[in-house]
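Working notes, structure below.
Atoms within a ligand are numbered from 1 in the order they appear, just like the ligands themselves.
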Amino acid sequence: MYKVGLLGLGTVGTGTAEILLNPAGRNPLIRDLDLHRVGVKTIGKAREIQLPTEILTTDLEGIVTDPDVDIVVELIGGTDRARSLILKAIESGKHIVTANKAVIARHGAEIFSAAQAAGVYVLIEAAVGGGIPIIQPLKQSLGANRIQKITGIINGTTNYILTQMQDVGADFADVLAEAQRLGYAEADPTADVDGFDAADKISILASLAFNGRIRYEDIEREGIRTVSVADINYAQQLGFTIKLLAIAQQDHHTHDQLQLRVGPTLVPKDHPLASVNGVFNAILVEADPLGQVMFYGPGAGKGATASAVVSDLLNITALLQGEKLEDALHPMLACPHEDYCQVAPITELETRFYARFRCGDRPGVIGHLGTCFGDQGVSIESVVQIGYQGDHAEVVVVTHEVTEGQFRQAVEAIHAYEAIDDIQVASILRVL
Ligand code: HSE
């Protein structure tokens with residue numbers, strides 16, 4: 001068992017604890033993680049999650065120096081206290097998992113130097129893009145590539161505000177107030193709407209993609225306060241949508257310099273990032289020789305961010321296990337399964353169907369099709385007679401969700417229907 005000291009039991013801390021305490025069906029390594037101590041501000045407060053009171057403590061320094069703790073998960077946010085707790089934990093030989101992009105973007109040099117010296121890992125999958133895997137892909141899966149450009153929608157609050165301004169036609173201030181009321185924007189929205197959060201995140205991505213440290217002040221940063229509905233409307237008429245983009249790219253001319261910027265940007269409507277709306281995030285990576293690859297998903301929230309936190313915990317667990325079991329395969333790389341999964345027969349699949357029939361164009365044909373489907377309990381969503389192929393009419397049916405077994409029986413019944421012998425099934429496709 002590896003002991004986890006969790007700092008912070010807010011939204012993401014709660015999500016992380018829920019995963020650790022309910023390992024069934026997840027990666028088996030989660031069972032090797034013990035939620036040993038949890039640092040909170042107030043012990044007696046009513047919480048969404050019930051934890052044994054003896055593991056709760058207000059002494060966060062005590063957690064990061066606890067000799068029993070193997071991994072510290074920092075989820076308190078902010079910079080100064082987080083920085084000092086992380087450094088103290090590193091000094092005490094703990095591995096670190098953090099979702100805190102601000103502390104990494106601004107104090108990463110100091111933190112990673114200390115971690116290198118202490119021989120511990122600082123893993124940050126949850127710091128960028130919430131639940132979207134982007135840090136590990138940049139470190140591992142894309143390692144064969146030269147990264148040319150990263151373009152991200154990496155702040156959900158501003159993406160929500162810009163999407164609402166476009167959809168509803170309301171001004172920035174009104175949408176921000178509504179977003180604050182709904183809990184999509186913080187009471188103090190500066191970090192998000194002025195682009196600081198996106199700048200933190202792009203500095204982290206750029207550092208991994210371009211193999212070097214980034215000085216936070218080198219990022220050109222502009223937020224979305226100046227974007228007006230008029231701009232959004234004109235942009236739309238010109239075939240663009242406005243997004244807060246964070247971009248890191250190699251200078252086309254010099255190649256040894258980076259361009260780093262965050263700012264509201266017109267995006268052509270057919271660009272892959274143009275349809276990333278609301279609180280969703282996406283990161284488009286352009287790489288040689290891979291080409292373009294886009295990572296898309298929920299950029300914040302309890303479950304999504306906790307998913308990324310726990311993925312880092314699993315990586316560290318696997319490494320610690322690997323050190324102990326020298327001759328065993330690395331648990332995160334091997335496929336050790338031996339049992340087979342139970343796969344359901346296709347007839348039990350529940351889906352909608354599209355079916356095209358070729359049939360005589362005369363009274364009763366659609367009625368008979370309807371009867372055959374109805375007799376098998378297959379409900380029809382739409383029927384259209386669109387065109388002709390030679391002498392035959394073409395009738396297209398889309399069903400409601402049914403089992404594939406029911407649908408196949410209905411098609412059998414249509415084949416066997418004596419009253420009408422000129423119905424042919426031209427094609428059958430499943431509808432998502
Ligand atoms: N405040 C961030 C956002 C979420 O709006 O995307 C946490 O990174």
Within-4.5 Å side-chain heavy-atom neighbours: Asp34 and Lys3: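 Sidechains of Lys3 and Asp34: in contact.
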Any heavy atom of Glu186 closer to ligand 1 than 4.0 angstrom?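 Per 4.0 Å heavy-atom rule, Glu186 does not contact ligand 1.
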For Glu74, which of Thr98, Leu60, Val309 qualifies under side chain to side chain contact (heavy atoms under 4.5 Å, CB included)?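 Answer to the side chain to side chain contact (heavy atoms under 4.5 Å, CB included) test with Glu74 among Thr98, Leu60, Val309: Thr98.
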Does Thr158 approach ligand 1 within less than 4.0 angstrom via side chain, backbone, both or neither, non-hydrogen atoms only?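 Neither; nothing of Thr158 gets under 4.0 Å from ligand 1.
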If you have a sec, work out which protein heavy atom is nearest atom 1 (N) of ligand 1 and how many Å separate them, to one decimal?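 Sorting protein heavy atoms by distance from atom 1 (N) of ligand 1 puts Asp192 OD1, 2.9 Å first.
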Would you sort out whether Lys88 and Glu61 count as a salt bridge (Lys or Arg N to Asp or Glu O under 4.0 Å), showing the intermediate values? CA-CA 8 Å; Lys88 197 171 267 189; Glu61 277 73 13; 5.2 Å; no
Would Asp80 and Arg83 pass as an ion pair if we require N to O under 4.0 Å?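 Arg83 and Asp80: not salt-bridged.
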Do Arg225 and Phe172 form a cation-pi contact, if we require the NZ or CZ to be under 6.0 Å from the six-membered ring centre and within 45 degrees of the ring's axis?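 That pair does not qualify as a cation-pi contact.
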Can a side-chain donor-acceptor contact be found between Asn155 and Lys201 if the only test is distance below 3.5 angstrom?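 On atom types as modelled, these side chains do not qualify, holding no pair under 3.5 Å.
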Please confirm whether Thr157 comes within less than 3.5 Å of ligand 1 when only nitrogen or oxygen atoms on both sides are compared.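 By distance alone, the answer is yes.
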I'd like to check whether Gly156 has a polar contact with ligand 1, where a contact means an N/O of the residue lying under 3.5 Å from an N/O of the ligand.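 The answer is yes, given that Gly156 and ligand 1 share an N or O pair closer than 3.5 Å.
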For ligand 1, which atoms sit closer than 4.0 Å to a heavy atom of [X]?
X	result
Asp197	2 (C), 8 (O)
Lys101	7 (C), 8 (O)
Ala300	4 (C)

